[in-house]
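First the structure, in the form of structure tokens, and then the observations on it.
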Amino acid sequence: MPDAPERTTSTDEPRFRYTPALAQQIELRWQDLWEERGTFHAANPQGRLTGPGGSPAQGDPYFIMDMFPYPSGAGLHVGHPLGYIATDVTGRFRRMCGDNVLHALGYDAFGLPAEQYAVQTGQHPRVTTEANILNMRRQLRRLGLGHDPRRTFATIDPEYVRWTQWIFLQIFDSWYDADAERPGPAAGKGRARPIAELREELAAGTRPVPGHDGDNTGGAVWAGLSELERRDVIDGQRLAYVDSSPVNWCPGLGTVLANEEVTADGRSERGNFPVFQRNLRQWKMRITAYADRLADDLDLIDWPDKVKSMQRNWIGRSVGANVRFDVVGTADQDPAGAAGTLEVFTTRPDTLFGATFMVVAPEHPLLDEVPAAWPDGTRSAWTGGYETPAEAVAAYRREASAKTAVERQADAGKKTGVFTGHLAVNPVNGEQIPVFTADYVLMGYGTGAIMAVPGGDERDHAFAEAYDLPVVYTVEPEGGLPEGHTGAYAGEGVAVRSANDEISLNGLGVAEAKAAIIGWLESKNIGEGTTTYRLNDWLFSRQRYWGEPFPVVWDEDDRPVAIPDAMLPVDLPDVPDYAPRTFDPDDATSEPEAPLGRNDEWVNVTLDLGDGPRTYRRDTNTMPNWAGSCWYYLRYLDPAETTAPALAGLEQYWLGPRHNATSGPAGGVDLYVGGVEHAVLHLLYARFWHKVLLDLGHVTSLEPFGKLFNQGYIQAYAYTDSRGQYVPAAEVEGDEQSGYTWQGQPVNREYGKMGKSLKNVVTPDEMYEQYGADTFRVYEMSMGPLDLSRPWNTRDVVGSQRFLQRLWRNVVDEETG
RNA sequence: GCCGGGUUGGCGGAACAGGCAGACGCGGCGCUCUCAAAAAGCGCUGCCCGCGAGGGCGUGUGGGUUCAAGUCCCACACCCGGCACCA
């Protein structure tokens with residue numbers, strides 16, 4: 001029982017009433033005691049981290065976690081702690097039930113906003129970030145969260161960076177063996193293996209050399225390669241690799257971005273700047289190798305369906321077939337010979353007999369060379385009015401490349417295109433069909449080329465209608481297509497008009513027909529069943545300062561060399577100017593320039609990496625913000641561990657599939673609470689890293705997060721005056737009926753986020769001061785279900801205050817104490 | 001268009017397994033305390049009719065199942081979120 005507070009006002013309030021002042025006194029006292037006693041220390045089954053008073057681990061392990069915060073300069077508003085309060089309540093409940101609860105909070109401290117804040121304030125990002133973390137710690141401690149304070153860390157801590165870089169090197173030093181059996185619970189085919197094993201197998205000749213024809217028996221092909229060629233083969237197989245392909249270049253941010261960071265209308269998620277496709281040499285991670293496992297293992301985890309479906313959508317698995325069409329030479333070239341082949345991907349190989357033309361993306365390499373003249377039978381509508389295919393194709397390519405993502409979306413449905421002059425041979429019936437280029441076919445998906453079946457696909461049908469191309473229906477529903485049917489028929493049915501001398505699909509259902517035609521294509525070696533994904537490899541390098549440097553140097557042959565583990569971490573150097581080099585947001589021709597490149601002494605180093613001192617160039621990129629958050633859950637197990645990101649025994653105890661089964665058959669964190677905005681970013685990347693670590697034997701759980709819960713957002717009202725300027729929401733008076741006013745003038749109410757610029761921020765500090773942390777916590781938990789978004793109303797908080805007062809009165813006499 | 005989630009008083013929301021709809025909180029009204037106000041406490045508060053007793057209506061809309069439906073089934077409308085020319 002605390003002493004009665006000094007009376008600070010002249011009221012006649014009872015001495016022992018539960019007032020904000022008394023609440024604060026109680027809260028601070030207990031917060032100090034919890035810290036002193038280590039009340040919320042979670043006990044590891046081994047090692048230095050024991051429970052309160054040195055107690056050993058007892059009860060079922062229960063690992064509960066929040067998506068860790070980004071220490072922004074603005075400090076917290078009342079929306080931020082919502083999830084932390086919820087996990088605290090759950091964690092305390094489980095602890096009371098006898099579980100060994102692990103609950104801690106670290107800080108995700110690299111990244112663009114921290115860097116931008118530092119640039120604005122003219123201070124080094126480390127200075128501002130550390131100050132922000134301190135402020136956030138203070139605000140959160142006052143909330144009274146039952147966290148284990150020994151387990152906190154920030155992603156910018158050099159010891160944390162060491163292990164982030166170490167994991168990067170594990171990925172860099174791995175390749176994906178699609179045929180290898182996975183051991184243990186991950187059973188199936190395909191896993192990451194150390195790159196050294198690839199080299200051994202190539203040298204021994206037990207594996208063909210990728211990208212090189214020829215029989216590698218006894219390592220014959222391998223032996224014929226120079227050391228540089230060998231390194232190129234190896235580097236081409238790594239799970240972290242550098243290559244030059246179209247990437248998202250964002251001049252406004254001065255960096256390239258991952259697909260997941262670009263919105264559907266072609267802008268950066270952060271800053272909303274235009275993003276351009278450019279061929280640039282960048283680091284990527286081979287997440288596509290894990291596409292199937294990332295999709296399939298969603299069945300093993302307890303996540304909201306919404307998030308699962310977003311991930312499935314993003315991965316975008318389609319099962320179908322690749323089919324190769326011969327492209328014939330035209331009259332002026334070589335009328336007899338084939339000019340090449342055109343490979344397409346289709347999910348409906350059963351409709352091959354209905355393919356009456358082909359379409360390739362404007363960027364397709366087939367268009368680099370086109371026939372000199374229009375072939376016989378070319379219709380004027382196909383040529384775009386040009387004299388030659390070359391002119392027509394060039395004009396269309398120009399047009400297409402000038403289109404922005406927004407324009408392209410707006411035009412979706414309207415079909416434009418032009419005949420390329422090429423003719424392809426439909427392998428099932430020998431018919432020569434025209435090859436068009438059109439922007440409704442995307443280079444980034446499948447093979448960038450399709451067989452068009454206007455009888456079975458609405459887009460192809462629209463194109464066929466616009467360019468007067470023949471329509472053949474090869475699938476009909478039971479009872480046939482209705483009289484006068486127009487448009488494509490994409491439904492179930494049986495194959496018709498689908499037979500040649502060797503194979504007949506007629507009468508088969510869609511699934512059987514697919515299987516039959518794939519068998520035939522494979523027997524003729526002109527196609528095979530295959531699976532295509534929408535997911536692309538993860539673009540992993542950024543041209544910014546405030547991130548983890550790549551633990552890689554480049555040798556005199558311009559090949560990447562890993563920094564040995566013993567030399568980690570590679571610290572961020574001091575550079576004269578850490579500001580990113582940004583550009584006119586619309587200037588697509590600008591070139592990225594990494595701030596780390598501004599320090600020649602750092603960039604050019606002499607190192608002894610095992611074969612004597614040599615000079616190298618450091619990699620000047622930094623990792624994306626996601627790197628640190630890809631594995632932080634592992635670091636809570638013991639942030640001071642010096643031999644591994646996390647000890648195997650601890651990982652098994654806290655994350656392994658287990659007994660109380662709260663985390664499900666895949667293991668992972670028992671409860672992970674955070675916003676839905678990371679559905680295809682952090683949550684996909686972290687799953688990918690975890691599976692690589694699993695393959696390499698560093699973890700035993702199949703998934704990092706067994707159960708996920710998305711909390712809603714606390715929203716708020718904001719008010720604008722007649723000029724549209726925001727006015728301080730706290731000073732607005734009135735209600736819905738009588739209208740709202742600020743300083744006597746009427747204002748407009750809007751509903752949305754809480755934010756500085758909207759002048760409607762309410763801070764936890766104000767709540768501690770006016771009501772106490774417990775009232776604040778009760779209010780947030782009683783506003784409504786956690787997964788819903790709802791409005792903050794400061795005046796409603798008093799209800800929770802009265803509730804606690806009533807509770808208090810039931811236990812304590814307000815007059816006597 | 002496809003996928004996911006919703007729709008209950010003036011407002012946020014509750015109703016767990018089909019069993020008294022509207023818990024709890026805000027707001028509103030009345031009262032107590034006070035010279036007064038604030039704070040706090042007590043009572044009332046879904047809508048309509050009625051002085052009242054009381055009556056009627058009521059969970060987006062229309063149907064259905066059931067002794068009984070916010071809850072189950074069918075159809076529709078609207079709102080929010082995600083994806084979208086992905087072959």
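Numbered from 1 within each chain, the chains take letters A, B, ... in sequence-line order. Note that the structure is predicted; figures quoted are calculated from it, not measured.
Using atom P as the reference point in both B:G55 and B:A39, the two lie 40 Å apart (nearest Å). Nucleotides B:A68 and B:C31 are separated by 41 Å at their C1' atoms, to the nearest Å. Separating the C1' atom of B:G60 from that of B:C24 is a span of 25 Å, rounded to the nearest Å. Here, B:C85 and B:C16 have their P atoms 42 Å apart, quoted to the whole Å. Nucleotides B:G70 and B:G62 have their P atoms positioned 14 Å apart, rounded to a whole Å. Spacing between B:A69 and B:G82 at atom C1', rounded to whole Å, works out to 32 Å. Straight-line distance between the C1' atoms of B:C47 and B:U8: roughly 14 Å, to the nearest whole Å.
Taking the six-membered ring where tryptophan is involved, the planes of A:Phe776 and A:Tyr768 are perpendicular, since the angle between them exceeds 60° and thus also 30°.
Between the base of B:C85 and the side chain of A:Lys415 there is a donor-acceptor pair shorter than 3.5 Å.
Rounded to whole Å, atom P of B:G10 lies 17 Å from atom CG of A:Asn793. Protein atom CD of A:Gln311 is 13 Å distant from nucleotide atom C1' of B:G82, rounded to whole Å. The distance from atom CE of A:Met358 to atom P of B:A87 is 17 Å, rounded to the nearest whole Å. One can place CZ of A:Arg17 at 11 Å from C1' of B:C33, the figure rounded to the nearest angstrom.
Residues A:Phe709 and A:Tyr672 keep their aromatic ring centres 6.0 Å or farther apart. Ring pair A:Phe688/A:Trp626: centre-to-centre distance not below 6.0 Å.
Anti is the glycosidic conformation of B:G81, whose angle departs from 0 by more than 90°.
Within the 4.0 Å cut-off from OP1 or OP2 of B:C11, not a single side-chain nitrogen or oxygen of A:Arg795 is found. Phosphate proximity of B:A87 to A:Ser318: present, with a side-chain N or O under 4.0 Å from OP1 or OP2.
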Could you go step by step and tell me if A:Tyr685 and A:Trp538 meet the ring-ring contact (aromatic ring centres under 6.0 Å, His included) rule?
CA-CA 9 Å; A:Tyr685 299 147; A:Trp538 175 19; 3.7 Å; yes

Run A:Arg749 and A:Tyr740 through side-chain hydrogen bond (donor to acceptor under 3.5 Å, both in side chains) and show every step you take.
CA-CA 7 Å; A:Arg749 185 168 82 151; A:Tyr740 297 95; 3.2 Å; yes

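Partner assigned to B:C76 is B:G60, using Watson-Crick or G-U wobble distances below 3.5 angstrom. Shown here, B:G81 forms a base pair with B:C3; the pair counts as Watson-Crick or G-U wobble because both key distances fall under 3.5 Å. When Watson-Crick and G-U wobble pairs are counted only if both distances are under 3.5 Å, B:G27 pairs with B:U45. Using Watson-Crick or G-U wobble geometry with both donor-acceptor distances under 3.5 Å, B:A40 finds its partner in B:U32. Here B:C20 sits opposite no nucleotide as a Watson-Crick or G-U wobble pair (both hydrogen-bonding atom distances under 3.5 Å).
Counting non-hydrogen atoms under 4.0 angstrom, A:Val441 reaches a base of the nucleic acid.
When distances run from any side-chain atom of A:Asp457 to the nucleotides B:G13, B:G82, B:A87, the shortest one goes to B:A87.
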